[in-house]
Amino acid sequence: MNSKLDLSFYRRKDVVKIANDLLGKLLITKINGIVTSGRIVETEAYSFIERGCHAFKGKTTRNAVMFDRGGVAYVYLCYGIHHLFNIVTNEEEKADAVLIRALQPMGGEAYMMQRMKTKSLKRITSGPGKLTKALGIDRKMNGIDLIGNQVWVEEDDFVIKRGGILKSPRIGIDYAGKDALLPWRFTMEGNEWISHV
DNA sequence: TACGTGATCACG
DNA sequence: GTGATCACGTAA
């Protein structure tokens with residue numbers, strides 16, 4: 001119960017399956033002793049073989065950690081404002097990753113609200129840019145080990161009912177042409193914490 | 001529907 | 001060097 005996911009989970013070859021499997025798990029951060037966590041309710045898969053992925057055109061300074069072996073974080077700044085958190089998967093040079101897009105708060109809510117400068121829990125982690133801010137994730141964590149003690153994912157006893165996971169096209173990647181139509185976004189059906197699009 | 005915001009990338 | 005671009009969020 002509540003065991004940390006290990007490298008064998010992250011280093012599997014099928015990033016689409018991993019994105020599906022991450023739903024219902026707990027994402028946890030511990031920063032300066034402050035623990036915050038949330039249930040993963042929305043993910044997207046990205047693979048170096050398709051145009052939606054940062055790694056499609058090869059290694060650059062930004063995407064370099066995507067080419068590491070699975071089990072590390074890929075964090076980058078989007079639109080100059082938002083930090084986006086991804087989990088690198090697959091083996092070395094197979095640059096796949098799962099973007100975590102939304103969480104249901106499961107612990108440390110007071111700290112999350114403090115970081116978000118709000119007194120309300122409403123939609124506090126309902127989007128990829130918001131959840132990183134609420135959990136204190138930023139670019140300093142790019143490349144960090146996910147079996148370490150700062151950011152990790154745990155199993156939970158939460159069970160998703162049969163048919164409770166929906167697939168849809170990924171958000172905000174119109175530049176990817178026909179690859180933008182791949183049904184690689186996974187959401188927990190009916191969950192109120194899913195990002196609104 | 002509009003745009004802030006700044007690192008990064010592809011040029012040259 | 002320089003300009004275009006961007007896996008978003010919020011206000012309006």
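Quick note on labels: first sequence line is chain A, next is B, and so on, each numbered from 1. Just so it is clear, the model here is predicted, and its values are computed rather than measured.
One can place CZ of Arg51(A) at 12 Å from P of dC6(C), the figure rounded to the nearest angstrom. One interatomic measurement links the two molecules: CZ of Arg62(A) to P of dT5(C), which rounds to 14 Å at whole-angstrom precision. Regarding Phe56(A), its CZ atom lies at a distance of 15 Å from the P atom of dA7(C), rounded to whole Å. For the pair His83(A) NE2 and dT8(B) C1', the interatomic distance rounds to 15 Å; values are reported in whole Å. Distance OH (Tyr79(A)) to C1' (dA2(B)): 13 Å, rounded to an integer number of Å. Atoms OH (Tyr76(A)) and P (dT5(C)) sit 17 Å apart, rounded to a whole Å. We find that CD1 of Ile81(A) is positioned 10 Å from C1' of dT10(C), with the value rounded to whole Å. In this structure, the CG atom of Leu84(A) is 14 Å from the C1' atom of dA7(B), given to the nearest Å.
Of the possible polar contacts, none joining the Arg185(A) side chain to the Arg170(A) backbone as a donor-acceptor pair under 3.5 Å is found.
Here dT10(C) is the nucleotide among dC9(B), dT10(C), dT5(B) with the atom lying nearest to any side-chain atom of His196(A). Comparing dA7(B), dA7(C), dC8(C) against the side chain of Arg139(A) picks out dA7(B) as the nearest.
Counting non-hydrogen atoms under 4.0 angstrom, Gly129(A) reaches the backbone sugars and phosphates but no base. Among the protein residues, Leu99(A) comes within range of the nucleic acid bases, having at least one heavy atom under 4.0 Å from a base atom. Within 4.0 Å of Arg170(A), counting heavy atoms only, lies no atom of the nucleic acid at all.
Nearest-nucleotide positions on DNA chain B place Leu77(A) closer to the 5' end than the other of Lys57(A) and Leu77(A).
In this structure, Arg123(A) does not reach the dG9(C) phosphate: none of its side-chain N or O atoms is under 4.0 Å from OP1 or OP2. For Tyr175(A) and dA7(C), the shortest distance from a side-chain N or O to OP1 or OP2 is below 4.0 Å. Note on Thr61(A): a side-chain N or O is less than 4.0 Å away from OP1 or OP2 of dC9(B). The shortest distance between the side-chain N/O atoms of Lys130(A) and the OP1/OP2 oxygens of dT10(C) is below 4.0 Å. Considering only side-chain N and O atoms, Thr60(A) lies nowhere under 4.0 angstrom from the phosphate OP1 or OP2 of dT8(B).
Within a 6.0 Å radius of NZ in Lys57(A), other residues, nucleotides and ligands contribute 12 heavy atoms or fewer. In the displayed structure, Lys94(A) atom NZ is contacted under 6.0 Å by at most 12 heavy atoms of other residues, nucleotides or ligands. Counted within 6.0 Å of CZ on Phe56(A), heavy atoms from surrounding residues, nucleotides or ligands total more than 12; the atom is thus considered enclosed.
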Given side-chain contact (heavy atoms from CB on, under 4.5 Å), test Val151(A) with Leu27(A) step by step and report yes or no.
CA-CA 8 Å; Val151(A) 192; Leu27(A) 175 63; 4.0 Å; yes

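Remark: ring of Tyr46(A) overlaps the six-membered base ring of dA7(C) in a stacked fashion, centroids less than 5.5 Å apart, planes less than 30° apart.
The base of dA7(C) is not paired with the side chain of His82(A) by any donor and acceptor separated by under 3.5 Å.
By the 4.0 Å N-to-carboxylate-O rule, Asp14(A) lies too far from Arg12(A) to be salt-bridged with it.
Nucleotide dC6(C) has dG6(B) as its partner under the Watson-Crick or G-U criteria, with both atom distances under 3.5 Å.
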